[in-house]
Amino acid sequence: MPVFDHPEFDHHQHVAFGSDETSGLRAIIAIHDTRRGPALGGLRIFPYASDADALTDVLRLSRGMTYKSALADLPLGGGKAVIIADPSRDKTPELLRAMGRFVDSLGGRYITAEDSGSSESDMRIIHETTPHVSGLGRRPGDSGDPSPFTARGVFCALNSAVRHGLGRQDLDGLRVAIQGVGHVGAHLARQLHEAGARLVLSDVNRQPLVNLAEELGAETLDPGAIFDADVDVFAPCALGAVLDAGVIDRLKAKVVCGAANNQLATADMADRLQARGILYAPDYVANAGGVIEIAWRQRRQASRDAVMRHIEGIGDTLDEIFARSRSTGTNPAAIADQLARERLDV
Ligand code: NAD
């Protein structure tokens, strides 16, 4: 299994493979970059079909975290961890404690956090064998759910995208289609509704969708039809890789801005969006609200106001990305990567 010649290898500083015979742990931690600070990134637990698939995921996701933290102006680098296991079957306290020892062996250069397949209670078990865990120590009463912060960031991003892409200063009467009204999508829908937007919602989970649509007076569409909605903005808040050539060609929206990670099926889709005159808000810029809140929580004197001000800065970052994109003709996703790399050369 090549590492240095792997297509997703991007001068990662450290790639570590960990195993523990007793608990059955098989894990990989990738530290992409620590120039801005320790590498923060979630722990994904997933039954990968092969070690090679796990390596691909961890290399790609750790690089993404470096860029996300740099553009969110956080004193953090980028890293990620994966355990090759089925979280519903294989996740035992022994496995998690072994993972904690693996994280600890990196001496704090990698800080772990929740991701798909791992929960806050798993983080508490991992914390028994390493202090390098984030997402703990919330104040009593905090839900521990980052999605309201992520949604706030997407809302700020959407305001910026609408100004640049549609020349509109407010959201009153704006038509927005949201794909996926789970944790982030539902919060986003409520904020957009409050700002006067008209919503078209879709979700594969029917009942919560219907309830939310009733609450907000929104229209609903079947999952397969949401791309054809006659709207100004398309907000992907469900799955990754949703923007492929077929979908992009169907969109009527002139702005794409949502919470989902890795929305572009392939990097060249950013050019295809631009060619169709659709302004794309790069996903890792728009959805950084959650990681901003996690980073602030590690500081002793984080006030909610300070966190919210930082999250609102996502709109300023996008203003800069869109302005540069317009003046250079380069698509916003490529500009975001450029800007992130500039912020790493500190
Ligand atoms: P979630 O699981 O709560 O919500 C996703 C929703 O999408 C669910 O309601 C699901 O039923 C729906 N869905 C799945 N497939 C669909 C389809 N084909 N069409 C329509 N709906 C579909 O997840 P979430 O926490 O709201 O996160 C949404 C996205 O944002 C994910 O891609 C996640 O990686 C990303 N993200 C989330 C956060 C966060 O703070 N939760 C932070 C950064 C990025």
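Counting begins at 1 with the first residue of the sequence. For clarity, every value in this text was computed on a predicted model and none was experimentally measured. Every number for a ligand or one of its atoms is a count from 1 in the order of the listing.
Residue Ser147 has at least one heavy-atom neighbour below 4.0 Å for each of these atoms of ligand 1: 40 (O), 41 (N). Near Pro146, with a cut-off below 4.0 Å to any heavy atom, the atoms of ligand 1 are 40 (O). Near Gly182, with a cut-off below 4.0 Å to any heavy atom, the atoms of ligand 1 are 3 (O), 4 (O), 6 (C), 9 (O), 26 (O). Below 4.0 Å from some heavy atom of Asn205 lie the following atoms of ligand 1, by number and element: 11 (O). The distance from ligand 1 to the heavy atoms of Gln179 drops below 4.0 Å at these ligand atoms: 19 (N), 20 (C).
Protein heavy atom in closest approach to atom 32 (O) of ligand 1: Ala238 O, 3.1 Å. In this structure, atom 17 (C) of ligand 1 lies nearest to the protein heavy atom Val204 CG1, 3.7 Å. Closest to atom 30 (O) of ligand 1, if we only count protein heavy atoms, is Ala259 O, 3.2 Å. For atom 11 (O) of ligand 1, the nearest protein heavy atom (residue, atom name, distance) is Asp203 OD1, 2.6 Å. Looking at atom 5 (C) of ligand 1, its nearest protein heavy atom turns out to be Cys237 O, 3.8 Å. The protein heavy-atom contact nearest to atom 3 (O) of ligand 1 is His183 ND1, 2.6 Å. For atom 27 (O) of ligand 1, the closest non-hydrogen atom of the protein is Val184 CG2, 4.0 Å. Considering only non-hydrogen protein atoms, atom 15 (N) of ligand 1 sits nearest to Leu239 CD2, 3.5 Å.
Distance check on atom 21 (N) of ligand 1: some protein heavy atom falls below the 4.0 Å cut-off. Distance check on atom 13 (N) of ligand 1: some protein heavy atom falls below the 4.0 Å cut-off.
Inclusion of Gly240 in the set of residues having an N or O under 3.5 Å from an N or O of ligand 1 is not warranted. For Gly185, no nitrogen or oxygen atom sits less than 3.5 Å from a nitrogen or oxygen atom of ligand 1, counting backbone and side chain alike. Polar contact with ligand 1: absent for Lys68 (N/O pair, distance under 3.5 Å).
The closest approach between Gly290 and ligand 1 stays at or above 4.0 Å for every heavy atom of the residue.
No side-chain donor from either of Asp33 and Tyr67 sits under 3.5 Å from a side-chain acceptor of the other. Side-chain contact, Thr130 with Asp104: a donor N or O sits under 3.5 Å from an acceptor N or O. Inspection of the Ser88 and Asp86 side chains reveals an N or O donor paired with an N or O acceptor under 3.5 Å. Residues Asp53 and Thr56 have side chains that never bring a donor and an acceptor to within less than 3.5 angstrom of each other. A donor-acceptor pair shorter than 3.5 Å can be found between the side chains of Arg44 and Ser116. Judged purely by distance below 3.5 Å, without hydrogens or angles, the side chains of Arg63 and His12 never pair a donor atom with an acceptor atom. Between the side chains of Thr150 and Asn287, no donor-acceptor pair is found at a separation under 3.5 Å.
Rounded to the nearest 0.5 Å, atoms CD1 (Ile31) and OH (Tyr110) are 9.0 Å apart. Expressed to the nearest 0.5 Å, how far CE of Met123 lies from CG of Asp115 amounts to 8.5 Å. A distance of 4.5 Å separates OG1 of Thr330 from CD1 of Ile335, quoted to the nearest 0.5 Å. Taken from CE in Met1 to CD1 in Ile28, the straight-line distance is 5.5 Å, to the nearest 0.5 Å.
Counted within 6.0 Å of CZ on Arg341, heavy atoms from surrounding residues, nucleotides or ligands total more than 12; the atom is thus considered enclosed.
Under 4.0 Å from ligand 1, heavy atoms of Asn287 appear from its side chain as well as its backbone.
Geometrically, Arg324 does not engage Phe322 in a cation-pi contact, judged by NZ or CZ lying under 6.0 Å from the ring centre and within 45° of the ring axis.
Of the candidates Asn261, Ile294, Asn262, Asn261 brings a heavy atom nearest to atom 33 (C) of ligand 1.
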